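To find a chain, count down the sequence lines: A is the first, B the second, and so on, and within it residues start at 1. Below, each value reflects all heavy atoms present in this structure, side chains not excepted, and no hydrogens, waters or symmetry copies. Keep in mind that what you see is a predicted model, and the values were worked out from it rather than measured.
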Amino acid sequence: MPKLFSGIQPTGELHLGNYFGAITNWVELQEEHETIYCIVDLHAITSDYDPDTLRENSVEMAIDLIASGIDPEKSVLFIQSEVREHVELQWIFNTVTSYGDLTRMTQFKDKSEKADFVSAGLFDYPVLQAADILLYKASRVPVGEDQVQHVELTRRIARKFNSRFGEFFPEPEPIVGRGARIMSTADPERKMSKSDHEKHAIGLMEDEDSIWEKVKSAVTDPGESKGEEMSPGVANLFTLLELTAPKSTVEGFREDHKEGKLMYIDLKEAVYENLMGKISPVRKKKRKLMENRSHVEDLLEGGKEKARSIATGNMQEVRKMVGVGPR
RNA sequence: AGGCCUGUAGCUCAAUUGGCAGAGCGCCGGACUCCAAAUCCGAAGGUUGGGGGUUCAAGUCCUCCCGGGCCUGCCA
């Protein structure tokens, strides 16, 4: 089975964009791949964060992932900073990474424009990401569109390393666009994201009233456009409905929309009902896991050991090739 | 190491010579709407980065600290 790596930052709880966009995909990929899923706390500290809650958030992210269907038996699930080889490999990669390449990373340009303090770590972030992937010699990386550039950089780093020190790393392939693209309910032109306005991201574990408020207040349109045309807001609601409701339900609403007799409040109620139906098992499972936190910590400990056994072996090879470090 | 600039509401910024801390946007509530958006009405929101000092009075002046940005790093 091909080896697959992906990471997620422990910055608060999952929202519907994460869940339907990435995580449900991660769950499926477990079946046909050797999956390694990493909670990337070292990436999280490149932007403003709270040290007092980071560790807790990391464990909570693990809880959310397990509740969502990531199986610690099938997948290696662990916290990045617990395997120190990530950082060691990053440093080595720094020496084969082109400075000019890094300056061209659009995500860095975006983030550094917004941030009031731009750390060297933020700049070097894609190199750590390359180390994350290649430390396990993963050949596939499910990512969002915005991360493709980083995977391409990872490929260049692998190529450079291989030509300099000898064939060792694979050139990983990005897996893009398999997940759904959930848009913000308040601004359906933009992807749902927790960084922008919390208001527009619906948390997977958020309380029911609050989810209903957000679904109900989702942007639609004046309802005058009949037929094929569908505004982005309405299309987004249909996306959510498709992900959660039976086909017949979706078809019914589609018909109504085509004929111009769809009441959006009905659509919103259906989205809410079906959404809750779909995610309530996940929510229940999370509640159970929360009661037994130490069990989750044990699972993470196990994940760390599995990750480490791959990482230390590969790093030993790398050190040998590069000519540094303890043998 | 030295020099210069800077910090005011969630965001962008204003505040005369030292004289009641404000606006726009956003957020929240209401009207309108099948629900929203737009629009209208309303409300909340501040230790002016922090401490000390001068003064009747400090966002404003002095001082120290914290944070951020820029310039210099040459010859002797």
Side-chain angles (χ1 to χ4, degrees), chain A residues 9 11-13 15-17 20 44-54 57 99 102-103 105 107-125 180-203 206-246 248-279:
Chain A
Q9 283 197 32
T11 48
E13 66 177 25
H15 56 71
L16 297 184
F20 289 114
I45 65 174
T46 57
S47 310
D48 236 0
Y49 79 105
D50 176 17
D52 294 333
T53 55
L54 181 61
N57 284 346
Y99 170 83
L102 284 181
T103 62
M105 294 296 124
Q107 194 180 65
F108 172 74
K109 289 190 211 167
D110 281 356
K111 282 192 180 176
S112 59
E113 260 172 42
K114 289 174 200 160
D116 53 345
F117 174 69
V118 180
S119 70
L122 185 66
F123 181 67
D124 204 34
Y125 184 118
R181 206 173 142 79
I182 306 297
M183 310 306 281
S184 155
T185 51
D187 183 0
E189 306 278 339
R190 307 177 57 157
K191 220 166 89 172
M192 187 177 283
S193 121
K194 53 190 148 193
S195 54
D196 294 330
H197 309 287
E198 203 173 307
K199 175 196 169 204
H200 310 332
I202 299 176
E206 205 169 313
D207 73 80
E208 299 184 21
D209 292 346
S210 170
I211 293 182
W212 167 239
E213 283 304 318
K214 286 181 184 175
V215 171
K216 182 176 156 238
S217 65
V219 172
T220 57
D221 60 52
E224 285 153 5
S225 61
K226 293 185 184 182
E228 300 302 317
E229 285 301 307
M230 197 182 277
S231 63
V234 176
N236 195 37
L237 289 168
F238 269 100
T239 302
L240 283 169
L241 197 65
E242 271 165 4
L243 290 165
T244 56
S248 57
T249 308
V250 182
E251 285 315 308
F253 279 105
R254 276 205 192 287
E255 280 303 308
D256 286 353
H257 180 265
K258 218 174 248 176
E259 292 164 27
K261 62 179 188 184
L262 174 58
M263 291 292 115
Y264 290 139
I265 190 68
D266 297 335
L267 174 62
K268 286 175 175 181
E269 267 165 20
V271 166
Y272 172 73
E273 293 298 336
N274 287 287
L275 175 65
M276 291 314 294
K278 183 81 171 187
I279 66 178

- [ ] Would you classify A/Lys268 as touching base, sugar-phosphate or nothing, given that sugar-phosphate means primed atoms plus P, OP1 and OP2, and contacts are heavy atoms under 4.0 Å?
- [x] base
Task: Flag side-chain contact, heavy atom, 4.5 Å: A/Ser119 against A/Leu122 - done: yes
- [ ] Sticking with atom P, work out how far B/rA9 lies from B/rG45, rounded to a whole angstrom.
- [x] 15 Å
Task: C1' gap between B/rU6 and B/rG42, integer Å - done: 37 Å
Task: Separation between the C1' atoms of B/rG10 and B/rA44, rounded to whole Å - done: 13 Å
Acceptor/donor pairs from residues 269-279 of chain A side chains to any protein atom, 3.5 angstrom cut, sequence neighbours excluded:
{"residue": "A/Asn274", "atom": "ND2", "partner": "A/Ala270", "partner atom": "O", "Å": "2.8"}

Task: Distance between C1' atoms of B/rU16 and B/rG59 (Å, rounded) - done: 14 Å
Task: A/Met263 side chain, from C-beta outward: closest of B/rA36, B/rC34, B/rG68 - done: B/rC34
Task: Those residues that, when tested against A/Tyr99, pass side-chain contact (heavy atoms from CB on, under 4.5 Å) (two or more places apart) - done: A/Thr103, A/Phe123
TODO: Find the distance A/Met183:CE to B/rA37:P and express it as a whole number of Å.
DONE: 18 Å
Task: Distance-minimising heavy-atom pair for A/Ala186 and A/Val219 - done: O-CG2, 3.0 Å
TODO: Provide, to the nearest angstrom, the distance between the CE atom belonging to A/Met230 and the P atom belonging to B/rA37.
DONE: 20 Å
Task: Nearest-angstrom distance, P atom, B/rG46 to B/rG22 - done: 13 Å
Task: From CG (A/Asp221) to OH (A/Tyr264), nearest 0.5 Å - done: 3.5 Å
Task: Options B/rA37, B/rG68, B/rC35, nucleotide nearest the side-chain atoms of A/Val219 - done: B/rA37
Task: Nearest-angstrom distance from the residue atom CD of A/Glu113 to P of B/rU12 - done: 14 Å
Task: Rounded C1' spacing from B/rG52 to B/rG68 in Å - done: 23 Å
TODO: Please examine the side chains of A/Leu267 and A/His257, heavy atoms only from C-beta on, and report whether any two atoms are closer than 4.5 Å.
DONE: no
Would you tabulate the nitrogen or oxygen pairs shorter than 3.5 Å linking the protein to nucleotides 27-32 of chain B?
{"residue": "B/rC27", "atom": "OP1", "partner": "A/Lys199", "partner atom": "NZ", "Å": "3.0"}

Task: Protein-nucleotide distance (A/Asn236, atom CG; B/rC35, atom C1'), rounded to Å - done: 15 Å
Task: C1'-based separation of B/rA43 from B/rC61 [nearest Å] - done: 37 Å
Task: A/Lys111 side chain reached by A/Met105 side chain, heavy atoms, under 4.5 Å - done: no
Task: Between B/rC34 (P) and A/Asp221 (CG): distance, integer Å - done: 13 Å
TODO: Dot-bracket notation for RNA chain B is requested: 5' to 3', Watson-Crick or G-U wobble pairs only, both distances under 3.5 Å, with ( ), [ ], | and . as defined.
DONE: (((((((..((((.....[..))))..((((.......))))......(((((..]....))))))))))))....
Task: B/rU8 and B/rA58, which share atom name C1', separated by this distance in whole Å - done: 14 Å
Open item on the list: Distance check needed: B/rC35 C1' versus A/Asp266 CG, whole Å only.
Closed with: 9 Å
Open item on the list: Just to verify, what does A/Thr239 make a side-chain hydrogen bond (donor to acceptor under 3.5 Å, both in side chains) with, not counting sequence neighbours?
Closed with: none
Task: Candidates B/rA36, B/rG68, B/rC34 - which lies nearest the side chain of A/Phe117 - done: B/rG68
Task: Any residue meeting side-chain contact (heavy atoms from CB on, under 4.5 Å) with A/Asp207, in chain and number order, not counting sequence neighbours - done: A/Asp209, A/Ser210
Open item on the list: Would you say that A/Thr11 contacts A/Asn57 through its side chain, given a criterion of any heavy-atom pair below 4.5 Å between the two side chains?
Closed with: no
